[in-house]
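A short worksheet on the structure shown next.
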Amino acid sequence: MLDKRYDHLAVEEGRYEKWVEKGYFTGGKDKSKPPFSLVIPPPNVTGKLHLGHAMDTIPDDIVARYKRMKGYDVVWVPGVDHAGIATQAKVEARLREQGISRYDLGREKFLEVAYKWKEEYAATIHQQWASLGLSVDYTRERFTLDEGLSKAVKKVFVTLYNEGLIYRGERIINWDPELRTALSNIEVVHTDDEGEFFYFRYPVEGMEPLIVATTRPETMFGDAAVFVNPKDPRYKDYIGKTCVNPANGEKLPIMGDRYVDISFGTGAMKCTPSHDPNDFNLAKKYNLPFKTILDETAHMTSDCGKYVGMDRYECRKALVEDIKAKGLLVKIEKIVHSVGHSERSGAVVEPMLSKQWFVKMRPLAEAVLKMMESKDKIHFHPTRFEKVLVRWMKEADDWCVSRQLWWGHRIPAYYNKETGEVLVSETAPDMDKYVQDEDVLDTWFSSGLWPFATLGWPDKTPDFDRYFPTSLLVTGYDIIFFWVSRMVFQSLHFTRKIPFKDVLIHGLVRDPKGRKMSKSAGNGVDPMDIIAKYGVDALRYYITTSSAPGLDMRYNEEKIAAARSYLNKIWNAARYVEMTLGDDFKPEPLSRRGLGVLERSILSKLARLIKRVENKMERYEFGAASSDLYSFVYDDFCGDFLEMTKVSLTSGGEGAAKTKNVLYHVLMDIVKMIYPYAPFVSEEIYLSLPGHLESLNVETYPELPRSYVDYRSEKEAKVLKEMIRDIRNYKSKEGLEPNAKVRLYVAPSFPFKSMDSYLSRFAFASYIGEGAPEKKATSFAYEGGYELYVEEDIDPEILKGKLEAEKERLLKEVERGKRMLSNQGFLAKAPKEKVALEEEKLADNERKLELVENRLANL
RNA sequence: GGGUGUUUAGCUCAGUGGGAGAGCGCUUCCUUCACACGGAAGAGGUCGUGGGUUCGAAACCCGCAACACCCACCA
């Protein structure tokens with residue numbers, strides 16, 4: 001028997017561990033079932049899970065649990081991501097607190113520390129998966145740095161290299177001077193920062209000085225030229241001349257190129273080939289010299305004269321002062337411009353000329369574009385996110401994959417110590433002769449292999465054969481570029497298959513004011529706190545039902561409380577059913593034979609509900625599915641059926657037994673349908689009901705044949721409900737006590753006459769009769785087309801007012817119906833069923849109107 | 001400079017080519033034997049704005065506005 005209160009702590013306690021022990025989440029036990037597979041978006045081993053992880057994993061879990069019930073062999077692969085740069089940054093920060101740098105430790109020692117860190121956080125993540133109730137298959141758990149993934153990474157790197165799709169080259173890359181590593185373009189976050197625009201005078205022999213504006217004076221030591229637009233009349237005569245660099249007195253050629261925007265700044269632009277991607281291109285075009293003037297920590301190199309060793313900003317300040325002293329500073333303007341920051345360290349990214357490894361994107365991207373135009377494309381939900389993938393694939397530049405980090409997959413490239421010859425190989429060569437590349441790969445390089453490498457690729461494993469491509473991926477729109485795109489092209493290239501058939505995209509959880517949640521802003525919410533306070537089932541329900549797919553949601557604690565109230569409602573309904581059934585209840589198979597109207601009605605609604613919910617679950621529309629279920633639970637089941645059945649139950653006998661059986665089956669089906677959302681509380685209820693299996697985890701999804709659909713019974717039940725409501729309303733408005741006795745007469749044609757016991761119990765309407773009412777009674781006409789006569793006297797004025805209002809309403813309805821039905825366009829073009837429906841409504845309203853008018857006339 | 005999304009009840013948000021919805025909040029009433037994490041009744045909305053398509057538009061199309069986000073090398 002259930003406790004009086006739904007206590008989420010008691011309900012959740014120890015349950016998950018039991019499920020895992022029983023192996024309910026282990027896939028592949030029954031290969032006769034169709035496979036359904038997913039991979040978890042592997043969380044970074046950088047810290048605790050946040051609400052974003054809940055958004056990733058709870059929908060996965062709902063689908064996994066639903067699919068198991070629907071008879072699929074579900075495999076959900078869990079795992080964690082080493083998260084190269086993010087983790088290394090954290091580990092280094094922790095070391096720094098102890099006054100140690102990674103260089104003090106050296107590579108090997110540092111990796112030991114990092115592995116310990118990984119173990120620590122992986123343990124936390126496991127705990128939190130348990131708290132969230134994720135039905136992942138731990139027998140298949142993976143880690144991006146484990147042996148299998150490492151093998152896959154090497155294989156992919158070497159193959160791409162041999163195919164000419166990975167190359168090593170000197171390019172302008174984004175350099176994080178704090179973490180001292182290269183970054184890919186998408187790891188750079190641009191923000192509009194306030195800065196200064198410095199206007200300097202560049203002396204030109206025999207002419208007016210050229211005024212050049214820059215936001216980055218310190219890079220002037222690396223300048224190779226000054227450019228103007230050849231179409232710019234102001235500077236026509238300058239092209240071909242030389243000017244003097246105010247920073248170091250060196251002569252710079254003045255050159256013309258149409259790249260220069262005449263309207264921007266002064267129309268004259270300095271060119272720093274080694275520290276700006278555009279300048280790099282210009283320098284290549286005109287064969288200008290490259291000079292690197294910043295080191296890996298963004299301090300000035302020896303090419304910068306007396307400024308050597310200064311930090312870039314220190315240098316900027318000092319240099320501007322010096323130029324000002326020389327009288328070559330024209331002015332300083334405040335500007336807001338876009339500045340690139342490292343996604344991880346926040347440091348201002350320095351564009352630097354550097355030798356790095358790149359993945360050649362065009363051929364790989366083209367394959368994705370072709371796939372997305374084919375019949376076998378990946379289906380995104382909502383579909384608009386397909387455009388995000390496609391756009392990025394159209395624009396993707398070559399991907400810089402080498403990182404000057406230690407935590408990650410070391411690049412399988414080896415350099416001959418003597419000749420410098422490059423050898424790229426899955427197996428290490430003779431290390432006496434060769435030295436391995438120091439760098440590791442971008443963490444997304446391995447994440448990009450996740451769906452197939454976790455299933456065994458490059459080996460031909462039974463899992464890979466059976467479960468790949470995976471069925472569904474759930475992730476946020478913010479990592480379509482980072483992750484989804486990489487998985488897609490790697491998968492297409494190496495397995496010739498898409499990595500997943502469906503992608504369900506979710507939005508971000510924001511704070512109540514709509515701001516992004518972040519640690520620094522201190523507005524984050526720890527899901528574990530929510531779970532402690534409201535229970536994980538409430539959190540799961542909230543996460544999956546409180547917004548439309550793909551849209552951001554604002555964190556709203558009230559909704560979590562509401563979710564909890566809902567679960568509490570189901571809990572108490574179950575408690576009532578249990579109490580009602582009694583100890584000796586034995587569930588019988590359902591049958592429609594001998595059921596009363598209310599039973600037939602609730603089963604009819606249930607049959608239709610199951611279909612609707614199922615359709616929505618199949619389309620991953622959890623919000624829509626649960627709102628159907630919600631109104632069934634609240635209104636149809638708790639509000640109407642539970643209340644009404646109190647009548648037939650108290651009457652005892654055959655009818656009561658049948659009602660009990662229906663109560664039991666409807667509740668069971670509700671519990672099964674709520675299970676994917678709220679597995680803990682539903683399991684508790686399920687196990688307390690008779691006729692259960694060992695766990696809901698091995699149950700099947702509810703089914704109720706179409707033959708249970710019975711609109712007539714639904715209508716009859718509805719009329720009963722309306723009559724009760726009307727009578728109660730009526731009494732309340734007339735100032736009668738709720739239990740005032742009233743008498744009912746219905747017309748001989750009234751179709752639903754089997755309701756007297758219900759009316760008596762819920763409306764104290766003691767009698768249903770036919771024919772002419774007693775003379776002294778006061779009458780009122782109601783929506784359902786019946787009449788009520790009350791024995792007590794009623795103020796005729798109040799009654800009149802009420803009738804007038806009703807008449808008013810009905811007149812409008814009738815008018816609307818008539819207007820529609822006299823519209824030739826409507827009659828000609830609207831669907832037949834719609835027209836018929838309107839005709840029926842009109843007739844109904846006209847009949848009611850007549851009743852009301854008669855009443856008024858007789859007052 | 002491109003692109004996307006949002007705009008619906010006081011708040012947070014669903015919804016969808018055929019009569020405006022939920023939760024919370026608010027008003028009135030009720031601790032009656034599942035549940036006060038409850039029940040009953042109720043107030044509250046020109047569905048951002050201007051056009052168009054349609055028999056019919058809050059929904060579809062076009063423009064506009066506000067807000068949010070993404071992409072892009074404006075020195």
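Predicted model, so just to flag it, every value in this text is computed and none were measured. Below, chain A is the first sequence line, B the second, and so on; all start at residue 1.
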query: Less than 4.0 Å between a side-chain N and a carboxylate O, is that true for Glu196(A) and Arg316(A)?
result: no

query: Can you list the stems that include RNA chain B, where a stem is three or more consecutive Watson-Crick or G-U pairs with distances under 3.5 Å?
result: B:1-7 with B:65-71, B:10-13 with B:21-24, B:26-30 with B:38-42, B:48-52 with B:60-64

- request: Check each of Asn281(A), Asn229(A), Asn278(A) against Tyr259(A) using the side-chain contact (heavy atoms from CB on, under 4.5 Å) test, and report the only one that passes.
  value: Asn278(A)

Whether Tyr677(A) and Phe622(A) hold their rings parallel, tilted or perpendicular, with breakpoints at 30° and 60°: perpendicular

query: Has Lys646(A) got its NZ or CZ under 6.0 Å from the middle of the six-membered ring of Tyr576(A), at an angle within 45 degrees of the ring axis?
result: yes

- prompt: Among G23(B), A34(B), U4(B), which is the nearest nucleotide to the side chain of Ala562(A)?
  reply: G23(B)

message: Applying a 4.0 Å non-hydrogen cut-off, can you work out what Arg564(A) is touching in the nucleic acid: base, sugar-phosphate, or nothing?
response: base

task: Decide, yes or no, whether a salt bridge links Glu643(A) with Lys721(A) under the criterion of side-chain N to carboxylate O below 4.0 Å.
output: no

- prompt: With a non-hydrogen cut-off below 4.0 angstrom, is Glu833(A) in contact with a base, only sugar-phosphate, or nothing?
  reply: nothing

- request: Look at all strands and tell whether Ser627(A) reaches a base, only sugar-phosphate, or nothing, counting heavy atoms closer than 4.0 Å.
  value: nothing

statement: Closest to the side chain of Arg575(A), out of C35(B), U4(B), G18(B), is C35(B)

- prompt: Salt bridge or not for Arg171(A) and Asp398(A), using N-O below 4.0 Å?
  reply: yes

query: How is Leu2(A) classified with respect to the nucleic acid when contacts are heavy atoms under 4.0 Å: base, sugar-phosphate, or nothing?
result: nothing

query: Which part of the nucleic acid, if any, lies within contact of Ala548(A), taking any heavy atom under 4.0 Å across all strands shown: a base, the sugar-phosphate backbone alone, or nothing?
result: sugar-phosphate

Plane angle bin for Tyr542(A) and Tyr555(A) - parallel if under 30°, tilted between 30 and 60°, otherwise perpendicular: perpendicular

query: Looking at the side chain of Arg554(A), which of A34(B), G18(B), C13(B) is the nearest nucleotide?
result: C13(B)

task: Please determine, by modelled atom types, if Thr219(A) and Lys270(A) share a side-chain donor-acceptor pair under 3.5 angstrom.
output: yes

query: Just checking, any donor-acceptor pair under 3.5 angstrom between side chains of Arg619(A) and His381(A)?
result: no

task: With heavy atoms under 4.0 Å as the rule, sort Cys271(A) into base, sugar-phosphate or nothing.
output: nothing

field: Leu551(A), nearest nucleotide to its side chain (from U12(B), U6(B), G38(B))
entry: U6(B)

field: Check ion pair Asp511(A)-Lys513(A) (N to O, under 4.0 angstrom)
entry: no

- request: Output the single nucleotide from A34(B), U4(B), G18(B) whose closest atom is nearest the side chain of Arg384(A).
  value: U4(B)

- request: Hey, can you tell me if Phe200(A) and Phe198(A) have their rings parallel, tilted or perpendicular (30° and 60° cut-offs)?
  value: parallel

- prompt: When you check every protein heavy atom under 4.0 Å of nucleotides 28-33 of chain B, what one-letter string (B, S, -) results, 5' to 3'?
  reply: ------

- request: Return yes if a side-chain donor-acceptor contact under 3.5 Å exists between Ser342(A) and Glu187(A), otherwise no.
  value: no

query: What does Pro831(A) touch in the nucleic acid at a heavy-atom separation under 4.0 angstrom: a base, only the sugar-phosphate, or nothing?
result: base

- request: Just call it for Tyr630(A): base, sugar-phosphate, or nothing, with non-hydrogen atoms closer than 4.0 Å on any strand.
  value: sugar-phosphate

- request: Sugar-phosphate atoms are those with a prime plus P, OP1 and OP2; base atoms are the rest. Using that split, label each nucleotide of nucleotides 68-75 of chain B B, S or - for protein heavy atoms under 4.0 Å, 5' to 3'.
  value: -SSS-BBB

